[in-house]
There are 2 protein chains.
Amino acid sequence: MSTAPKTDTREAIMSAARLTVQSEGYNALSFRDLATAVGIKSASVHHHFPTKGDLAEALVCRYSEDFSARMAPLIEQSFDEAIAGYVALFRGAFDGGNRMCLGGMMSAEVSALPEPARKRLEGFAQVHRGFLRTVLAKKHKRLSAEALDVRAMAIYTAMEGAQLVARGLGGDVKVFDNAVEVYRATGLLD
Amino acid sequence: MSTAPKTDTREAIMSAARLTVQSEGYNALSFRDLATAVGIKSASVHHHFPTKGDLAEALVCRYSEDFSARMAPLIEQSFDEAIAGYVALFRGAFDGGNRMCLGGMMSAEVSALPEPARKRLEGFAQVHRGFLRTVLAKKHKRLSAEALDVRAMAIYTAMEGAQLVARGLGGDVKVFDNAVEVYRATGLLD
DNA sequence: ACCTGAACACCGTTCAAGT
DNA sequence: ACCTGAACACCGTTCAAGT
């Protein structure tokens with residue numbers, strides 16, 4: 001297999017870092033805490049990720065891949081099911097800890113990111129736009145490619161906002177659910 | 001007058017801190033940089049704000065007041081004008097630097113905030129809910145108070161999301177404008 | 001009341017050194 | 001290749017000391 005066990009130190013660092021970024025933020029991420037979590041010393045983390053910015057880039061890249069993989073099976077489903085599944089991916093952040101989409105968190109902290117990591121953030125937005133464009137295209141056969149893209153992005157931004165605000169209010173899933181229900185009722189998710 | 005000149009050190013600290021939080025984030029805010037900006041020493045900042053958390057609380061509180069003051073004149077206008085004015089308040093963040101709503105930024109970094117500051121964040125959400133509820137009530141005479149509240153919050157979350165994502169994509173106002181246009185076209189802002 | 005220098009335990013990063 | 005201790009300039013915070 002080309003995909004080895006992959007339970008090595010580098011993977012352990014990324015795994016621990018991802019959770020911390022989602023719950024505390026990138027600026028709150030510490031190489032020393034990370035090192036302690038995986039059982040090495042702070043200086044050793046730099047062997048796998050020369051700078052914190054390099055780790056940020058790897059994290060956004062990996063998160064995009066993971067999100068993409070979880071959206072993939074939804075494409076074959078009906079429009080309503082695909083949208084519901086997409087919403088569920090964001091809603092899942094509230095299960096077990098007040099986490100947040102890593103893309104949304106990094107968007108807030110973009111000023112701390114080096115250029116390569118910012119590019120990955122654009123890639124993350126592309127992943128959402130691409131998925132939603134495909135889903136929307138099923139239902140809106142007459143919309144132009146541009147119109148589908150713009151509409152796709154609006155759904156993505158609305159989901160990030162519902163998650164951001166609900167998180168700020170103590171991880172109140174009700175706030176998230178209520179917002180999504182209005183999105184649906186008013187037609188944003190049609 | 002009860003409102004004195006107010007150009008004292010405390011105000012200077014809050015003013016500088018607000019801009020830094022909006023552009024870099026709360027976790028990136030440094031007491032030492034703040035001290036340098038206002039011409040005192042790091043330890044002196046603690047005389048005005050004992051802890052960083054106290055400063056956070058004061059910042060969210062003040063920001064809520066300012067936002068509320070800027071929304072107030074919109075209430076007397078027509079529904080469309082009020083919504084347009086509300087959207088403009090969020091759009092203004094992109095003028096001069098890639099800033100972000102302080103409430104949105106603090107929502108992402110909520111884990112770093114002490115309880116009193118989190119309460120102020122709830123107050124900030126209340127300010128938006130209260131304003132939008134009043135505006136929506138003009139148009140939707142038959143909606144219940146609860147329905148108006150939920151709808152108001154959904155508009156607030158959608159605006160925060162459009163700003164968050166646009167900021168993440170390099171402060172691209174086009175992303176923000178496009179998202180708002182879809183919000184409007186689909187009926188979320190009706 | 002308002003400010004300060006010095007100390008504390010933190011932070012990312014670098015580097016020479018180990019295996 | 002992978003790890004380490006020690007050093008650097010940073011961070012929030014505390015405190016005794018100044019005016």
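In what follows, every heavy atom counts, from backbone to side chain, and hydrogens, waters and symmetry copies are set aside. By convention in this document, chain letters (A, B, ...) are assigned in the order of the sequence lines, proteins followed by strands, and residues within each chain are numbered from 1. Because the structure is predicted, anything quoted here is derived from the model rather than measured.
- Using a 30° and 60° split on the angle between ring planes, H140(A) and F79(A) fall in the perpendicular class, above 60°.
- Using a 4.0 Å heavy-atom cutoff across all strands shown, N27(A) reaches no nucleic acid atom at all.
- Nucleotide dG5(C): paired with dC15(D) (Watson-Crick or G-U wobble, both distances less than 3.5 Å).
- Aromatic ring orientation, F90(B) versus Y156(B): tilted (interplanar angle from 30° to 60°).
- Aromatic ring orientation, H128(B) versus F67(B): tilted (interplanar angle from 30° to 60°).
- Nucleotide dG12(D) holds its P atom 10 Å from the CG atom of L55(B), rounded to whole Å.
- A straight line from NZ of K52(A) to P of dT13(C) spans 8 Å, rounded to a whole angstrom.
- Comparing the P positions of dC2(C) and dA17(D) gives a spacing of 22 Å, expressed to the nearest Å.
- Dashed line: the shortest gap from a side-chain N or O of H48(B) to OP1 or OP2 of dA1(C) is not under 4.0 Å.
- At a threshold of 4.0 angstrom between heavy atoms, the contacts of D54(A) with the nucleic acid are absent.
- Between H47(A) and R32(A), the residue anchored closer to the 5' end of DNA chain D is H47(A), taking for each the nucleotide with the nearest heavy atom.
- Residue S42(A) places none of its side-chain N or O atoms closer than 4.0 Å to OP1 or OP2 of dT13(C).
- F49(B) has its CZ atom 16 Å from the C1' atom of dT13(D), to the nearest Å.
- At a threshold of 4.0 angstrom between heavy atoms, the contacts of L29(A) are confined to the sugar-phosphate backbone, with no base atom among them.
- For K52(B) and Y26(B), the positive end sits near the middle of the six-membered ring, less than 6.0 Å away and at most 45° from its axis.
- Ranking dC15(C), dA6(C), dC3(D) by closeness to the A43(B) side chain, first place goes to dA6(C).
- We find that CD1 of I40(A) is positioned 16 Å from P of dA1(D), with the value rounded to whole Å.
- In this structure, CZ of R10(B) is placed 14 Å from C1' of dA1(C), rounded to the nearest angstrom.
- A side chain to side chain contact (heavy atoms under 4.5 Å, CB included) with M100(B) holds for exactly one of E24(B), M105(B), M106(B); it is M105(B).
- Taking atom NZ on K41(A) and atom P on dT19(C), their separation rounds to 17 Å, with Å as the unit.
- Nucleotide dC11(D) holds its C1' atom 13 Å from the OH atom of Y26(B), rounded to whole Å.
- What separates NE2 of H46(A) from P of dC15(C) is a distance of 12 Å, to the nearest Å.
- Residue S30(A) is in sugar-phosphate contact alone, with no base atom involved, counting any heavy-atom pair closer than 4.0 Å across all strands shown.
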